[in-house]
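Residue numbers begin at 1 in each chain, while the letters A, B, ... track the order of the sequences.
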Protein chains: 2
Amino acid sequence: MLAAAGPVFARRGFDRATVREICGLAGVNVAAVAYYFGDKLGLYREVFRQIRQRCQNDVLDTSVIAGDPRLALYLQVRHLLSRVLARDDSGWESQLMMREMNQPTAVFDEMVQESIRPQFERLIETLSLLSPPATPLPVLERLVLSLVGQCLYYRIGAGVVKRLIPADRMASDFDIDSLSKHITAVTLAAAENGLVLEHHASLGRLADALTQAHSSDLKP
Amino acid sequence: MLAAAGPVFARRGFDRATVREICGLAGVNVAAVAYYFGDKLGLYREVFRQIRQRCQNDVLDTSVIAGDPRLALYLQVRHLLSRVLARDDSGWESQLMMREMNQPTAVFDEMVQESIRPQFERLIETLSLLSPPATPLPVLERLVLSLVGQCLYYRIGAGVVKRLIPADRMASDFDIDSLSKHITAVTLAAAENGLVLEHHASLGRLADALTQAHSSDLKP
DNA sequence: GAACGTTTTAAACGCTTGTTTAATTTCCGA
DNA sequence: TCGGAAATTAAACAAGCGTTTAAAACGTTC
């Protein structure tokens, strides 16, 4: 029954998903949700509790590759991306996560603290090894958020991407392999060169030009 | 009345938004929606038509800064970010756009063709000037999608970011100014150094290592 | 001021939703 | 075999939704 509820919640969202559809798919009576989970929200919370348990068994073991931070970064990107772009039976999990993101319920706080924050701090650690010494923490944080944003956009903006990129090139140039290599390369290029504008050689004049650009060009 | 419908649709979504709330907020009777727009969906479509008209007047004039592609990139990033992170009365527009993204209705296709695709191709053009000559088109496309993903994540993942970053540093290090500089710097570092893994000097060994890493580390 | 098309109003309709109820079936140990 | 707790069922309930209706109010024109 939980197996039937997950995909429906992911596809329809909490409100649009009806207990009748879930129970019809599971082959049980509609009263079962009240009998076993109290109400619809209880079923929803139970689905998330199950997801969280499954995520804890799915953590990437980065200790064995601690020697090469670049490889560690690549594997973390690929791990995140392959879960985001999963097309098989586990694809509804990430979709359900996305729904919680821009419509946070009470379930969301536990999700962030137990699953997202550890992954976030592990990425901070990896990138601190790849950045110049004494890189400020905000720079590393922004870099991690850039990385996560790039990965998640292929789920959130899937509708946009599908309409912008032809289907044939979609399969060849935007598969998990190409994308994880691309995002790793972008992040590496940014981290290893240092991101503070003033430190970036080719951006010296830009830092000066942008200050006067705000007032003149933004409000014509 | 359209002014009242926009924020409600953005905050609640199409299904959760009730015509009673919209009309109550606008101070009109619930029958007005049927009288003027046919039904609820007609009102929804009219809201989007108004957004599209407003967007066409809001295009960034890049012709005046065609001489400096780096500055053009920065302005385009800032333009997108400031619309995404808008907190004032126009904040509901981007939120409504995000809802259409992962729940596409019939309105979405017009939105992509009329607003998103031109902006996408303008970014492709700008980045082609900043990348090494003869950079393949898929590389440029992935780079643009990376850029857009980074920007949009601060709206979609706003709930995550708020829970991961302390509020005080949120205001100082993650404002529009800092973020647009950061994302511009990331994209520039990636574009100017070239992104094909084999061309990136420091990634030579990584390209070899990752092929054997898939089979051994991903499924332990 | 009367007549007429337009707009606004309050009330009700039909439908779907989550939830509950009471009756029925199933299961298992004494 | 039997009896009672547990589980399942069909039916009904109350509430909220979008939509419709018919009457009232409005404004314009002659």
| Passing candidate, side-chain contact (heavy atoms from CB on, under 4.5 Å) with Val160(B), options Val148(A), Leu145(A), Leu152(A), Ile116(A) | Ile116(A)
| note | Separation of dT19(C) atom P from Leu43(A) atom CG, nearest Å, is 10 Å
| query | Quick one: Asp15(A) CG to dT17(C) P, roughly how many Å, whole number? | reply | 12 Å
| Of all heavy-atom pairs between Val84(B) and Arg155(B), which one has the smallest distance, and what is that distance? | O-NH2, 2.9 Å
| Other residues, nucleotides, ligands: >12 heavy atoms within 6.0 Å of Glu125(B) CD | no
| query | Does Arg49(A) come within less than 4.0 Å of Glu46(A), counting only side-chain N to carboxylate O? | reply | yes
What donor-acceptor contacts under 3.5 angstrom involve side-chain atoms of residues 23-31 of chain B, with partners at least two apart or in another chain?
from	atom 1	to	atom 2	distance (Å)
Asn29(B)	OD1	Ala31(B)	N	2.9

| query | Got a salt bridge between Glu21(B) and Arg16(B), using NZ or NE/NH1/NH2 to carboxylate O under 4.0 Å? | reply | no
| remark: Within residues 29-41 of chain A, those residues having any heavy atom closer than 4.0 Å to DNA chain D are Asn29(A), Ala31(A), Tyr35(A), Tyr36(A)
| request: Write down the atom of Leu81(B), the atom of Ile176(B), and the distance for their closest heavy-atom approach. | output: CD1-O, 4.4 Å
| Where does the angle between the aromatic ring planes of Tyr44(B) and Phe9(B) fall among parallel (under 30°), tilted (30 to 60°) and perpendicular (over 60°)? | perpendicular
| said: Of all nucleotides in DNA chain D that come within under 4.0 Å of a heavy atom of chain B, which is furthest toward the 5' end and which toward the 3' end? | reply: dC17(D) to dT21(D)
